[in-house]
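All chains are named by letter (A, B, ...) in the order of the sequence lines, taking the proteins before the strands, and each is independently numbered beginning at 1.
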Number of protein chains: 2
Amino acid sequence: MQTKSTEDYLKIIYGLGEDRDTVTTSAIAEELRISSPSVSDMIKKLYESQYISYTPYYGVRLTKKGERIALKIIRRHRLLEVFLMKFLNFPWELVHDEAERLEHVISDEFEDRLDALLGWPQYDPHGDPIPTKDGLVEKLEVLRLSDLEVGDRVSITKVTDSRPLLEFIKRMGLGLNHTLAIKTKESFDGSMVIRAGRKDHFVSREVSQNIYVRKVN
Amino acid sequence: MQTKSTEDYLKIIYGLGEDRDTVTTSAIAEELRISSPSVSDMIKKLYESQYISYTPYYGVRLTKKGERIALKIIRRHRLLEVFLMKFLNFPWELVHDEAERLEHVISDEFEDRLDALLGWPQYDPHGDPIPTKDGLVEKLEVLRLSDLEVGDRVSITKVTDSRPLLEFIKRMGLGLNHTLAIKTKESFDGSMVIRAGRKDHFVSREVSQNIYVRKVN
DNA sequence: TTATTATTTTAGGTTAGTCTAAAATAATTA
DNA sequence: TAATTATTTTAGACTAACCTAAAATAATAA
């Protein structure tokens, strides 16, 4: 049985490893808001326990063993998010932090029974796929709002799970599966004006890079 | 915000303080399965934070501040137990350990919304009253099965929340609100034969002291 | 290709919560 | 009430997970 801390590291390394191939000390440090020396320390421990492979001064990758744990935690996190929204009516932007704490303490028993209660859901409230019990995840085709051009119509499939971003999106009256159209896009900074429902909204590149979409008609 | 450890100490001290007036180091140590020196250490810290009052070599009592926290944790524990049984169909004997871990990580938001989901229950699955949000608990009149005599008919109102005991009771086919009659009671060891449904069961004093009852007709 | 800058690691330190062994105190028994 | 026994506390140590300051290494720019 791993500690909360171990689980956090593995989860973050998994997440960071999705784009880049190898994950650096400083990237982990920034993500976990922990100093680099502390991360360096922990990396050695994770390496000794064979959760990661590791080349000093270079970077880190999850081993099969490490990935299995990361996916287990992610599975729990996402199942919990579904529960918090469907059964407790948690507001979108609070769901993440609550799941973040619960994911480390629930048992397999709890996980299985919750899965059943929720009807074996495949996606969480942000549109992320829920890994299966034996560690399989659907690989989402990544299309970011920022990749699209004027005239495109899209539906939101996923949103980066960050509280301020979620609050912003909520204020615009948007959410998962909402449809919107791109009205303008500035070439110098990538900012856009989008139309959703009857309203126009200004969206910076920082935001549009964190909204994932699928094209519609 | 207190740590899990602090919360455990306060909860245990509250529980032990229900019969005795002042709680000893060794009683806490035994309950938490921690060495007495460790407990002695911790007592000093709890005292400095004004969660308890304390006389060296004598014992410990909760302050108002300490009791408030203890009752909050107990409230969460019991609400969680109701949830685990009603929504996740957890078996009686697993409910306690799961709640034990969850109680330390849920937020006030979670607590409130769970309370509502469950319909503001007043008792947990072992028959214990759930403290209110502002720290009030019904004082149960304590009548133990062991206090009764041949011929008495009783209904089970509460059971000590210990896994082996719960498993034993379950094997006898008994549970909360079940009715039983006392057929024999030995004076030398207090052991009994009880009749429940169509079956007779042998019950030692250790067991009968941990089954709380109310007399019927 | 050498010098500067950035990143990572090492060295040494802290805190919370635990431990065992030994000393201090209190309670019990003779 | 003195001696023995039991309980509690003190002393000293350990581990996990963090920290800051300084040294080592790698990357970048002159």
Side-chain angles (χ1 to χ4, degrees), chain A residues 1-14 16-17 19-62 65-66 69-70 73 100-101 103-105, chain B residues 1-14 16-17 19-62 65-66 69-70 73 100-101 103-105:
Chain A
M1 236 297 121
Q2 332 76 232
T3 64
K4 164 179 156 40
S5 186
T6 304
E7 293 178 348
D8 281 335
Y9 274 85
L10 297 177
K11 192 179 58 164
I12 291 300
I13 293 169
Y14 180 90
L16 291 170
D19 356 290
R20 23 209 145 178
D21 192 58
T22 180
V23 178
T24 65
T25 303
S26 50
I28 299 170
E30 191 177 351
E31 202 74 6
L32 290 174
R33 286 136 204 284
I34 281 175
S35 72
S36 297
S38 301
V39 172
S40 215
D41 246 38
M42 191 55 157
I43 281 175
K44 260 180 269 153
K45 289 182 200 158
L46 296 174
Y47 174 69
E48 277 156 25
S49 308
Q50 298 176 290
Y51 292 131
I52 57 177
S53 61
Y54 156 62
T55 316
Y57 288 100
Y58 178 62
V60 137
R61 305 191 47 165
L62 291 182
K65 184 180 171 194
I69 294 169
I73 301 303
E100 199 77 354
R101 278 174 283 112
E103 67 189 10
H104 302 294
V105 306
Chain B
M1 236 298 120
Q2 330 76 235
T3 64
K4 165 181 156 40
S5 186
T6 303
E7 292 177 349
D8 281 335
Y9 275 86
L10 296 178
K11 191 180 59 166
I12 292 301
I13 293 169
Y14 180 90
L16 291 169
D19 357 292
R20 14 201 153 182
D21 192 57
T22 180
V23 179
T24 65
T25 302
S26 49
I28 300 171
E30 191 176 354
E31 202 74 8
L32 290 175
R33 287 136 205 285
I34 281 175
S35 73
S36 298
S38 301
V39 172
S40 216
D41 246 38
M42 191 57 157
I43 281 175
K44 261 180 268 152
K45 289 181 200 160
L46 295 174
Y47 175 69
E48 277 157 25
S49 308
Q50 297 175 289
Y51 292 131
I52 58 176
S53 61
Y54 155 63
T55 315
Y57 288 99
Y58 178 62
V60 136
R61 306 192 47 165
L62 291 182
K65 184 180 170 193
I69 294 169
I73 301 301
E100 199 76 356
R101 279 173 284 113
E103 67 191 10
H104 302 294
V105 305

J.: In whole Å, what is the span from the CG atom of B:Leu46 to the C1' atom of D:dT9?
T.: 16 Å

J.: Hey, mind stepping through A:Val39 and A:Tyr9 against side-chain contact (heavy atoms from CB on, under 4.5 Å) and telling me if it holds?
T.: CA-CA 9 Å; A:Val39 172; A:Tyr9 274 85; 3.9 Å; yes

J.: Check each residue of residues 19-31 of chain A for a non-hydrogen atom within less than 4.0 Å of any atom in DNA chain D, then write out the ones that pass by number, or none.
T.: none

J.: Any side-chain N or O of B:Tyr54 less than 4.0 Å from the OP1 or OP2 oxygen of D:dT9?
T.: yes

J.: Tell me the interatomic distance from A:Lys44, atom NZ, to C:dA11, atom C1', rounded to whole angstroms.
T.: 10 Å

J.: Enter the distance from A:Ile12:CD1 to A:Ile34:CD1 here, rounded to the nearest 0.5 Å.
T.: 9.5 Å

J.: What is the distance, to the nearest angstrom, from the CD1 atom on A:Ile43 to the C1' atom on C:dT8?
T.: 9 Å

J.: Axis-to-axis angle across the helix from C:dT1-D:dA30 to C:dA30-D:dT1, five pairs an end, to 10 degrees?
T.: 10°

J.: Are any side-chain N or O atoms of A:Ser40 and backbone N or O atoms of A:Ser36, one a donor and one an acceptor, separated by less than 3.5 Å?
T.: no

J.: Please list every donor-acceptor pair under 3.5 Å in which a side-chain atom of residues 1-8 of chain A meets a protein atom from a residue at least two apart or in another chain.
T.:
residue	atom	partner	partner atom	Å
A:Gln2	NE2	A:Glu7	OE2	2.8
A:Thr3	OG1	A:Ser5	N	3.4
A:Thr3	OG1	A:Thr6	N	3.1
A:Thr3	OG1	A:Thr6	OG1	3.0
A:Lys4	NZ	A:Asp8	OD2	2.9
A:Glu7	OE1	A:His104	ND1	2.6
A:Asp8	OD1	A:His104	NE2	3.0

J.: Is the number of heavy atoms from other residues, nucleotides or ligands within 6.0 Å of OH (A:Tyr54) greater than 12?
T.: yes

J.: Of all residues at least two apart in sequence or in a different chain, which pass the side chain to side chain donor-acceptor pair (under 3.5 Å) check with A:Ser35?
T.: A:Ser38

J.: Just jot down the salt bridge (charged side-chain N to carboxylate O under 4.0 Å, His left out) partners of A:Arg20, sequence neighbours excluded, or say none.
T.: none

J.: If you count the non-hydrogen atoms of other residues, nucleotides and ligands that lie under 6.0 Å from CZ in A:Arg61, is the total more than 12?
T.: no

J.: Is B:Glu31 paired with B:Lys11 through a side-chain N to carboxylate O contact shorter than 4.0 Å?
T.: no

J.: Measuring only between side-chain heavy atoms, which start at C-beta, is B:Ile28 closer than 4.5 Å to B:Ile43?
T.: yes

J.: Dump every N/O contact between nucleotides 15-23 of chain D and the protein below 3.5 Å, one line per pair.
T.:
residue	atom	partner	partner atom	Å
D:dA17	OP1	A:Thr3	OG1	2.6
D:dC18	OP2	A:Ser5	OG	3.0
D:dC19	OP2	A:Ser35	N	2.9
D:dC19	OP2	A:Ser35	OG	2.8
D:dC19	OP2	A:Ser38	OG	2.6

